Protein chains: 2
Amino acid sequence: MAKNLQTAATTGAVPGTAANAAQPLPGRRPRGRPRKTHSELDEGNRRRLIIEGAARLFRAKGFAAASTRDIAAAAGMHGGSPFYHFESKNALLYVVMQEGMAQAAASQQAALDGVPANAPARERLRTLIRNHFQVLLGPGSDFIPVMLYEWRSLNDGQRAGISQLTGAYEAQWMPTLRALHADGALKADPRTARLFIFGALNWSVQWFSPRGAQSLDGLTAQALALFVGQAEPCPARAS
Amino acid sequence: MAKNLQTAATTGAVPGTAANAAQPLPGRRPRGRPRKTHSELDEGNRRRLIIEGAARLFRAKGFAAASTRDIAAAAGMHGGSPFYHFESKNALLYVVMQEGMAQAAASQQAALDGVPANAPARERLRTLIRNHFQVLLGPGSDFIPVMLYEWRSLNDGQRAGISQLTGAYEAQWMPTLRALHADGALKADPRTARLFIFGALNWSVQWFSPRGAQSLDGLTAQALALFVGQAEPCPARAS
DNA sequence: CCTACCGATCGGTAGG
DNA sequence: CCTACCGATCGGTAGG
């Protein structure tokens, strides 16, 4: 009975079928490209509300402890209604992670595109770290924490799907880390360094408070200093 | 009905009451300090099995998704029997975390005691990191991962109790980090550095494989290089 | 520590 | 998307 399935291709679902049936006005003849009906917009909003409520509750209580009834209530719906939009609680978790990663990757790409091609590797790393903090700690960012801490609740196929997204996201860091290693600014092997750096940044969701003293820029500067030290690793003595 | 309560003080329980009642032999008069009866030893072993099974299952499935029946089965018991040893599933989680932290703190203290007082701060940091990896990734180490990833399942009082243990554990790192910062080897502010470093190390439970290429010593060397670089941060030029 | 059980809650579905 | 419901499972308990 679920309308919006996780992967329409695997189910043969015809998109829009249910929505077309909800076109009620008899005296109006649609001309040109059909506009979205009121009910279609509503349904899109409802789906959004479910996803956002799920992200928030999955993060706050964990996947297993957050009930689909909680999520329904957060979206202003009654008990079983989320299953009209998602075939299972697990599929909803997958969508939350997928959307989180898609947004993180898009944000990262946009940030990197803003860095001049001839900028030093350190500047690229600063950009990557700053964007990572933004995605992790910025407003309305429950999606990535859910992805980080509910991995075990995915099944094998879902893990493979998310792995592709995280793999691409992580790969964007490697040229920069290798360049910094070649410079001598990054002292650890780049592959291991990436794992440690991601851990250091990801852990911040456990302790960072937006009302605390630290800004995301300040945090970025501290992380940069910790991992690659000063801009000049060993400045020439001014003697 | 629970025999071993989380905090006897808050319940007025008289320790040992149930155990004394289990002294069955009428023809024997106890002399001097009473020896542990067979059933007491058994009960201790059973309790151990519950705790270890709980740690493993809490880690593998998460606190909410691991059922007390799973845990009972892992300890070779039937359905409701864990509640003879623990007053609630939550109290069991607390004991797991408590034991994990107590062992981590003891291990850390022993490791630090083995470092000469005049050893360089870098050596103390190496010792702390190496021990942290051991506690986190060594054999039979499910307790600390549970503590790291099930914090939200504790109630306020339990959090306060565990916080005291983690606070003491973390405090042991600060003199060393401050010394390295004063030396110029650690470039970030020590308080923030500690948070980043713990994150980097703690995250390793997500990706480390004991059958992988990395040894705990190798991991320690990489982490040390990443955070405080070479032993000599800026070696004098050999010109 | 087992047996048998309780009330509550859960994910999910049928039928409208 | 709601209503009413199902079977399963859960934490926990009584009574022995």
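Here is the naming used below: chain letters follow the sequence lines, and residue numbers restart at 1 for every chain. Since the model is a prediction, treat every value here as computed from it, not as a measurement.
Judged by distance alone, the side chain of A:K89 and the main-chain N or O of A:F63 form a donor-acceptor pair under 3.5 Å.
Between A:F83 atom CZ and C:dG11 atom C1' there is a gap of 5 Å when expressed in whole angstrom units. In this structure, CD1 of A:I71 is placed 8 Å from P of C:dG11, rounded to the nearest angstrom. Per the geometry, NE2 belonging to B:H85 stands 7 Å off C1' belonging to C:dC1, to the nearest Å. With rounding to whole Å, B:M77 atom CE is found 13 Å from C:dT3 atom P.
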Restricting to nitrogen or oxygen on both sides, can you table the protein-nucleotides 4-10 of chain C pairs closer than 3.5 Å?
none

Practice problem: Would you please test B:L137 and B:L219 for side-chain contact (heavy atoms from CB on, under 4.5 Å) and show each step? | Solution: CA-CA 11 Å; B:L137 310 172; B:L219 230 49; 3.9 Å; yes

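The salt bridge (charged side-chain N to carboxylate O under 4.0 Å, His left out) check on B:R152 picks up A:E150, with sequence neighbours excluded. Residues passing the side chain to side chain contact (heavy atoms under 4.5 Å, CB included) test with A:E170 are A:T166, A:R194, A:F198, sequence neighbours excluded. When the side chain to side chain contact (heavy atoms under 4.5 Å, CB included) test is applied to A:N131, the partners found at least two apart in sequence or on another chain are A:S107, A:Q108, A:A111, A:V135, A:Y169. Residues that satisfy the side chain to side chain contact (heavy atoms under 4.5 Å, CB included) test with A:P190, not counting sequence neighbours, are A:M174, A:L177, A:R178, A:H181.
Under 4.0 Å is where a charged nitrogen must lie from a carboxylate oxygen, and between B:R56 and B:E52 no such pair does.
In DNA chain D, runs of at least 3 consecutive Watson-Crick or G-U pairs, each pair with both distances below 3.5 Å, span C:1-16 with D:1-16.
Below 30°, between 30° and 60°, or above 60°: for B:F227 and A:F196 the angle between ring planes is between 30° and 60°, a tilted geometry.
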